[in-house]
Trainee: 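Take a look at this one; I'll ask things after.
If you're wondering where the values come from, they're calculated on a predicted model, not measured in any experiment. No hydrogens, no waters, no symmetry mates; every other heavy atom, side chains included, goes into these values.
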Amino acid sequence: MPKLSGEKFYKKEYKKTLQMVDNQCKTAEQYAQVCAMSLSRFYLQLAATVELFPQADILPGYERILADMERFVCDGAMITNEMLQGYVNWCLAINRVYESASIGYLAPWRKRVLPDVIQSLGEAFSNWMCEEMYVGAILTSDTKALIDIGVDTLFAYESSLKGIHPDEFNYYEFIRSCHPEIDEIGQKRDALHAFIKSQTIQSQEVEQAHKEFERLAQLFLNEGKKYLSEAVAEHQRLKAEYRPLAPEDLVLTMRELERIRADVQFVTAGNPTKEAIRQRLQYYRTLDMAEEQRT
């Protein structure tokens, strides 16, 4: 029987884990507790992206979500539609910052965190809304993203350690990462694009921004062409050196899936006290998975 690729192995184990959550979490409280634990473990992963987006209110906003979730599962506090809308607005604000920012060529896993993972999180909070918030809504809403947020990011991170997949290579992104003068043009172009998207009324200022955006976009292409030979060489190198992801490469990813399964056992078989749940949540917030791997 042929050996599974790393991606197929991950999908198989991921599916088994989510099935276990659905099969064994019999109450909304248990399901919410597993969600809260996964969200807590994601805290330090999210912190690894902050230096890329200093203008965004990333960690304080997420800390509010974690604090609310802790009160929700430990103290029976409500999460209202107003609070959920605040979470959604936080996700949208991060994505707006992402759209006008440049992420380096060698940090592809961060592109999965922002905006993909944050968008999924925002959609989960949106789906959780109802006219009158109640704990049972977590069972009838699509909240899968609250559980898989950490493991999805870790899979993207460990996949990126194998190098950029040749099929995902972008010539101009590579050129931009190597040549500051090209990146400067790109940043100005991106900032204008974000400004234009934010405007709802056509005006002379917007019209001028359109013209300048088109000029910069063409300049970006023209100046970038000077370095196409470098990008072609890099692409050829990637093709020659790339090795597919294998199951044994997914150390942190598999450990996170194991933790989700352990959380399910903890909340369903152990009948934990609220204080035990609170301690577990607080421990997860300080769990440095990368450091753990080195020890």
Trainee: Verify, without hydrogens or angle tests, whether Gln24 (side chain) and Met20 (backbone) share a donor-acceptor contact under 3.5 angstrom.
Mentor: no

Trainee: I'd like to know if Arg176 pairs up with Asp190 as an ion pair, taking the criterion as any Lys NZ or Arg NE/NH1/NH2 lying under 4.0 Å from an Asp or Glu carboxylate oxygen.
Mentor: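 Salt bridge between Arg176 and Asp190, a charged N being under 4.0 Å from a carboxylate O: yes.
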
Trainee: For the pair Ser198 (side chain) and Phe195 (backbone), establish whether a donor and an acceptor sit closer than 3.5 Å, ignoring hydrogens and angles.
Mentor: yes

Trainee: Rounded to the nearest 0.5 Å, what's the gap from CZ on Arg71 to CG on Leu66? Could you check?
Mentor: 10.5 Å

Trainee: For atom CD of Glu82, is the number of surrounding heavy atoms from other residues, nucleotides or ligands below 6.0 Å larger than 12?
Mentor: no

Trainee: If you apply the rule side-chain contact (heavy atoms from CB on, under 4.5 Å), what do you find for Leu121 with Phe42, and how did you get there?
Mentor: CA-CA 12 Å; Leu121 189 61; Phe42 182 65; 5.6 Å; no

Trainee: With rounding to the nearest 0.5 Å, note down the distance linking OH in Tyr10 to CG in Leu245.
Mentor: 11.0 Å

Trainee: Test side-chain contact (heavy atoms from CB on, under 4.5 Å) on Glu230 and His179; report intermediate values, then the result.
Mentor: CA-CA 11 Å; Glu230 295 178 15; His179 298 279; 2.9 Å; yes

Trainee: As an exercise, state the distance from CE of Met37 to CZ of Arg41, rounded to the nearest 0.5 Å.
Mentor: 8.5 Å

Trainee: Hey, what do you get for CD1 (Ile185) to CD (Glu181), rounding to the nearest 0.5 Å?
Mentor: 7.5 Å

Trainee: Salt bridge between Glu258 and Arg261, side-chain N to carboxylate O under 4.0 Å?
Mentor: no

Trainee: Could you check whether any side-chain N or O of Tyr172 sits under 3.5 Å from a backbone N or O of Leu221, counting only pairs where one atom can act as donor and the other as acceptor?
Mentor: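 Looks like yes, one N/O pair under 3.5 Å.
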
Trainee: Is the number of heavy atoms from other residues, nucleotides or ligands within 6.0 Å of CG (Asn23) greater than 12?
Mentor: yes

Trainee: Does a sphere of radius 6.0 Å around CD in Glu212 hold more than 12 heavy atoms from other residues, nucleotides or ligands, not counting ones at 6.0 Å or beyond?
Mentor: yes

Trainee: Less than 4.5 Å apart, any side-chain heavy atom of His193 and any of Arg189?
Mentor: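 Side-chain contact under 4.5 Å: no.
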
Trainee: Side chains of Met69 and Leu281: does their closest heavy-atom pair fall under 4.5 Å?
Mentor: no

Trainee: Does some side-chain heavy atom of Val206 sit less than 4.5 Å from a side-chain heavy atom of Ser203?
Mentor: yes

Trainee: Report, as yes or no, whether the 6.0 Å neighbourhood of atom CD on Gln85 holds more than 12 heavy atoms from other residues, nucleotides or ligands.
Mentor: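 It does: Gln85 CD has more than 12 such atoms within range.
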
Trainee: Looking at Phe174, Tyr171, Tyr227, which one forms a side chain to side chain contact (heavy atoms under 4.5 Å, CB included) with Val232?
Mentor: Tyr171

Trainee: Rounded to the nearest 0.5 Å, how far does CD of Gln279 lie from SG of Cys74?
Mentor: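 Atom-to-atom, Cys74:SG and Gln279:CD are 10.0 Å apart.
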
Trainee: What is the minimum heavy-atom distance between Arg243 and Ala240, and which atoms define it?
Mentor: NH1-O, 3.3 Å

Trainee: Is the side chain of Tyr62 donor-acceptor paired with the backbone N or O of Leu39 at a distance under 3.5 Å, no angle test?
Mentor: yes

Trainee: Is the backbone of Leu252 close enough, under 3.5 Å, to the side chain of Glu158 for a donor and an acceptor to pair up by distance?
Mentor: yes

Trainee: Which pair of non-hydrogen atoms, one from Val264 and one from Thr268, has the smallest distance, and what is that distance?
Mentor: O-OG1, 2.6 Å

Trainee: Contact between Tyr43 and Leu46 at the side-chain level, heavy atoms closer than 4.5 Å - yes or no?
Mentor: no

Trainee: Pair Glu234, Arg237 - check salt bridge (charged side-chain N to carboxylate O under 4.0 Å, His left out), show working.
Mentor: CA-CA 5 Å; Glu234 174 68 4; Arg237 183 190 69 79; 2.7 Å; yes

Trainee: I want to check something: taking the side chain as every heavy atom from C-beta on, are Asp75 and Arg278 in contact at a cut-off of under 4.5 Å?
Mentor: yes

Trainee: To the nearest 0.5 angstrom, please state how far the CG atom of Leu250 sits from the CD atom of Glu7.
Mentor: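 Answer rounded to 0.5 Å: 10.0 Å.
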
Trainee: What is the minimum heavy-atom distance between Pro166 and Tyr242, and which atoms define it?
Mentor: CD-CG, 3.7 Å

Trainee: Do you know which two heavy atoms are closest between Leu146 and Ser38, and how far apart they sit?
Mentor: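 Looks like O-CB, 3.4 Å.
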
Trainee: If you look at every heavy atom in Phe72 and Ala32, which pair is closest and at what distance?
Mentor: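 Shortest heavy-atom separation between Phe72 and Ala32 comes out as CE2-CB, 3.8 Å.
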
Trainee: Please determine whether side-chain contact (heavy atoms from CB on, under 4.5 Å) holds for the pair Leu287 and Leu44, giving the CA-CA distance in whole Å, both sets of side-chain angles, and the decisive distance to 0.1 Å.
Mentor: CA-CA 7 Å; Leu287 181 62; Leu44 288 184; 5.6 Å; no

Trainee: Start with the C-alpha distance between Phe9 and Met254, add both sets of side-chain angles, then the distance that settles side-chain contact (heavy atoms from CB on, under 4.5 Å), and finish with yes or no.
Mentor: CA-CA 10 Å; Phe9 176 75; Met254 290 303 109; 3.4 Å; yes

Trainee: So, the side chain of Asp152 versus the backbone of Asp148: is there a donor-acceptor pair under 3.5 Å, distance only?
Mentor: no

Trainee: Is a donor from one side chain sitting under 3.5 angstrom from an acceptor on the other, for Glu123 and Asn127?
Mentor: no

Trainee: Can you name the closest pair of heavy atoms from Glu173 and Asn170 and give their distance?
Mentor: N-OD1, 2.8 Å

Trainee: Is the shortest heavy-atom distance from the side chain of Ile175 to the side chain of Glu223 under 4.5 Å?
Mentor: no

Trainee: With side chains defined as the heavy atoms from C-beta onward, is the minimum distance between Arg255 and Val251 less than 4.5 Å?
Mentor: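 Sidechains of Val251 and Arg255: in contact.
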
Trainee: Take atom CD in Gln204; do more than 12 heavy atoms of anything else shown fall under 6.0 Å from it?
Mentor: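 Atom CD in Gln204 is not packed in, count stays at 12 or less.
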
Trainee: Do Leu92 and Val88 make a side-chain contact, defined as non-hydrogen atoms from C-beta onward lying under 4.5 Å apart?
Mentor: yes

